[in-house]
Amino acid sequence: MQLSLGAALGALSQLSSLALLATAAYLVSRAWEQPPILYLMVAITAVRLFGIGRGALRYAERLVSHDAAFRGLERLRVAVWRKLARLAPAGVPLWRPGDLQARLVDDVDGVGDRWLRGALPLAGAVAVASGAVVLQTALLPAAGAVLALALLAAALAGPALASWSARTALRATRDARGDLTDGVRACLDGREELVAAGTDAVALERALDADRRLRRAHARIAWTAGLGQAAGLAAMAAAVVGALWTGVPAVAAGTLDGVLLAVVALVPLAAFEPVLALPAAAQQTAVAKACGRRLLEVTRTPDPRPDPFEPMEFEPNPLGGPPYIEIKRLAVAWPGAAAPALQGLDLTVQPGEHVAVMGPSGSGKSTLAAALMGFLPYEGCLRFGGIELADYDGDDVRRTVGLCSQDAHVFDTTLAENLRLARPSATDEELARALRWAGLRDWLDGLEEGLQTRLGEHGRTVSGGERGRIALARCLLADREVLVLDEPDAHLDAATAARVLRTAAAALEGKTAIVITHRPLPEGVVDRVVHLSPPSPVG
């Protein structure tokens with residue numbers, strides 16, 4: 001509705017421009033005859049009315065249409081982001097990071113521009129062209145026919161040429177845009193490693209090569225858009241010449257008032273103003289369709305772990321506290337994998353029990369963590385409080401089960417804001433206590449700005465061990481009933497790892513903890529140890 005209102009206001013603004021030019025042409029010609037000024041008052045007033053109305057209507061059109069478009073962009077971007085959140089982490093690797101970022105940013109913007117730069121200019125062009133042909137035909141039928149033919153030729157030739165060029169160039173820009181984003185990300189994220197290895201020039205050249213391919217594709221689009229504009233200008237010139245060609249003999253024959261000849265000659269200029277924008281509108285429409293198809297690839301991708309149509313109410317432990325976890329013959333596979341990454345697991349975890357899951361790389365430890373978080377589908381039995389995990393809504397599961405991942409992201413903001421991701425209402429005292437639980441008491445005391453210390457991009461100002469313990473503090477602060485710790489002792493020496501694990505175990509007293517690790521844990525950290533073996537190869 002709001003976009004329709006914007007289209008109507010835009011058409012009225014363009015019609016005001018047409019009426020302004022026609023009235024001004026009549027006023028100048030009539031004034032040349034030097035009639036009494038009162039004979040010109042209506043035309044003078046009309047010029048003022050159409051001049052003010054054109055600006056006011058254009059402002060209203062921009063206000064209404066842009067507001068509607070931006071609201072639509074907001075809804076679309078949120079919908080795509082929520083879909084990506086449902087796909088994460090298993091479904092996201094289907095796309096390259098650069099390509100995924102281009103879809104979320106550029107493609108969403110491209111779909112939004114379909115209305116502002118595609119549909120609205122078309123509506124204005126149709127309204128003005130129709131009004132101009134009607135006016136021209138009323139003044140001089142022959143000139144109206146010439147104008148109609150010229151407008152039809154411009155409206156068909158220019159957009160067709162521009163649309164064809166856009167479709168051919170989009171095939172080149174689709175891959176080049178993702179390559180450029182990936183190349184720039186690689187240069188920025190790995191700049192220190194690239195310089196140290198002496199391969200920074202190679203990485204930069206790859207990004208520049210993608211940039212050159214993208215610029216060549218855009219140059220082809222601009223070149224053919226220029227041809228479309230040239231075709232429109234040629235048709236406009238033909239319409240003006242045709243108007244004079246038919247108008248001058250009509251004035252000589254007395255069938256057209258000489259004062260109206262200027263109107264007949266200048267109406268094509270106003271009629272072609274919105275028509276000349278149609279090639280760009282056709283290109284934008286083609287771009288928007290391609291962007292829409294790329295977004296549909298994301299939104300139509302099946303969720304790795306679909307939520308049930310009627311999920312069970314999540315009450316795994318009616319008495320409060322951690323749930324009873326029962327696992328039997330569990331088999332879990334990642335999307336697109338030929339074989340399960342975890343197979344035949346039997347495990348029972350009592351409420352409040354701390355269990356270590358050990359095994360070599362490839363034995364399915366991280367896969368178990370993803371399944372417990374509700375990220376992956378599974379076969380067999382995985383029950384919380386006697387109810388299958390698959391019968392619960394995934395978000396409800398993650399309100400009870402927390403994950404401390406070994407590659408948890410640290411954002412380029414303050415230490416306090418990184419921790420408050422887990423609990424936005426946490427006080428500074430609670431943040432400091434969580435850091436102490438994660439073994440960062442001395443580190444925090446040594447920071448000049450304390451909790452307001454900025455951690456840098458990807459946590460570059462902290463070590464790998466400190467980054468992992470910040471992630472651990474974040475999970476402890478979230479206060480989940482079940483916490484899955486994936487390699488919490490990574491990047492730590494044996495003494496520090498023992499201290500951190502013992503402190504975390506004390507902080508998790510009364511809660512269920514599943515500690516995933518590949519090396520033995522200190523005495524007293526867990527109640528028992530479960531060993532995993534890699535799945536047997538298929539065939």
> Decide side-chain contact (heavy atoms from CB on, under 4.5 Å) for Arg423 and Leu431; before the verdict, give the C-alpha distance in whole Å, the side-chain angles of both, and the deciding distance to 0.1 Å.
CA-CA 9 Å; Arg423 197 198 309 170; Leu431 300 182; over 6 Å; no
> Might you work through the side-chain contact (heavy atoms from CB on, under 4.5 Å) test for Leu57 and Glu61, ending with a clear yes or no?
CA-CA 6 Å; Leu57 289 169; Glu61 178 265 326; over 6 Å; no
> Between Tyr378 (side chain) and Ala390 (backbone), is there a donor-acceptor pair under 3.5 Å?
yes
> Can you give me the closest heavy-atom contact between Leu403 and Cys475, atom names plus distance?
O-SG, 3.1 Å
> With the side chain counted from C-beta on, respond yes when Val128 and Glu273 share a heavy-atom pair under 4.5 Å apart, and no when they do not.
no
> Are there over 12 heavy-atom neighbours, none belonging to Arg212, within less than 6.0 Å of that residue's CZ?
yes
> Looking at residues at least two apart in the chain, or sitting in another chain, which of them share a side chain to side chain contact (heavy atoms under 4.5 Å, CB included) with Asp393?
Asp307, Pro311, Asp395, Asp396
> Minimum heavy-atom separation for Ala371 and Val332, please, with both atom names.
CB-CG2, 4.0 Å
> Quick check: closest heavy atoms across Val146 and Ala238, and the distance to 0.1 Å?
CG1-O, 4.3 Å
> Rounded to the nearest 0.5 Å, how far apart are CZ of Arg54 and CG of Leu15?
13.0 Å
> Could you check whether any side-chain heavy atom of Arg77 comes within less than 4.5 Å of a side-chain heavy atom of Leu104, counting everything from C-beta outward?
yes
> Could you tell me whether a side-chain N or O of Thr453 sits under 3.5 Å from a main-chain N or O of Leu415, the two making a donor and an acceptor?
no
> If you count every heavy atom of other residues, nucleotides or ligands that lies below 6.0 Å from Glu205 atom CD, does the total exceed 12?
yes
> Go through the steps for Met373 and Val397 under the test side-chain contact (heavy atoms from CB on, under 4.5 Å), then give the verdict.
CA-CA 7 Å; Met373 291 293 296; Val397 173; 5.9 Å; no
> Tell me, please, which residues at least two apart from Leu152 pass side chain to side chain contact (heavy atoms under 4.5 Å, CB included).
Leu156
> With rounding to the nearest 0.5 Å, note down the distance linking CG in Leu27 to CE in Met41.
10.5 Å
> Is the shortest side-chain heavy-atom distance between Asp67 and Val64 below 4.5 Å?
no
> Do Leu18 and Gln14 come within less than 4.5 Å of each other through their side chains, counting heavy atoms only?
no
> Nearest heavy-atom pair of Val264 and Pro268: which atoms, and what distance?
O-CD, 3.3 Å
> Any chance you could measure Leu76, atom CG, to Thr299, atom OG1, to the nearest 0.5 Å?
9.0 Å
> Does Ile470 reach the side chain of Leu419, with side-chain heavy atoms less than 4.5 Å apart?
yes
> Does the side chain of Leu278 come within less than 4.5 Å of Val275's, by heavy atoms?
yes
> Can you tell me how far the CZ atom of Arg480 sits from the CZ atom of Arg399, to the nearest 0.5 Å?
9.0 Å
> List for me each residue that meets side chain to side chain contact (heavy atoms under 4.5 Å, CB included) alongside Arg454, sequence neighbours excluded, and say none if there are none.
Asp412, Thr413, Thr414
> Mark yes when over 12 heavy atoms from residues, nucleotides or ligands other than Gln34 sit less than 6.0 Å from its CD; otherwise mark no.
no
> Can you tell me which residue among Leu295, Val111, Asp107, Val105 is in a side-chain contact (heavy atoms from CB on, under 4.5 Å) with Val80?
Leu295
> Any donor-acceptor pair under 3.5 Å linking the side chain of Gln452 with the backbone of Glu449?
no
> Can you confirm whether more than 12 heavy atoms, excluding those of Lys83, are under 6.0 Å from its NZ atom?
yes
> First locate atom OG1 of Thr461, then atom CG of Leu455, and finally report the distance between them rounded to the nearest 0.5 Å.
5.0 Å
> To the nearest 0.5 angstrom, please state how far the OG atom of Ser16 sits from the CD1 atom of Ile52.
11.0 Å
> Around Arg206, counting heavy atoms of other residues, nucleotides and ligands shown, do more than 12 lie under 6.0 Å from its CZ?
no
> Does Leu421 form a side-chain contact (heavy atoms from CB on, under 4.5 Å) with Phe411? I'd like the steps, not just the answer.
CA-CA 10 Å; Leu421 290 173; Phe411 293 88; 3.4 Å; yes
> Do you know the tightest heavy-atom contact between Leu20 and Val47?
CD1-O, 3.4 Å
> Could you pull out the closest heavy-atom pair between Ala270 and Ser17, with the gap in Å?
CB-O, 4.4 Å
> Side chains of Val78 and Arg75: does their closest heavy-atom pair fall under 4.5 Å?
no
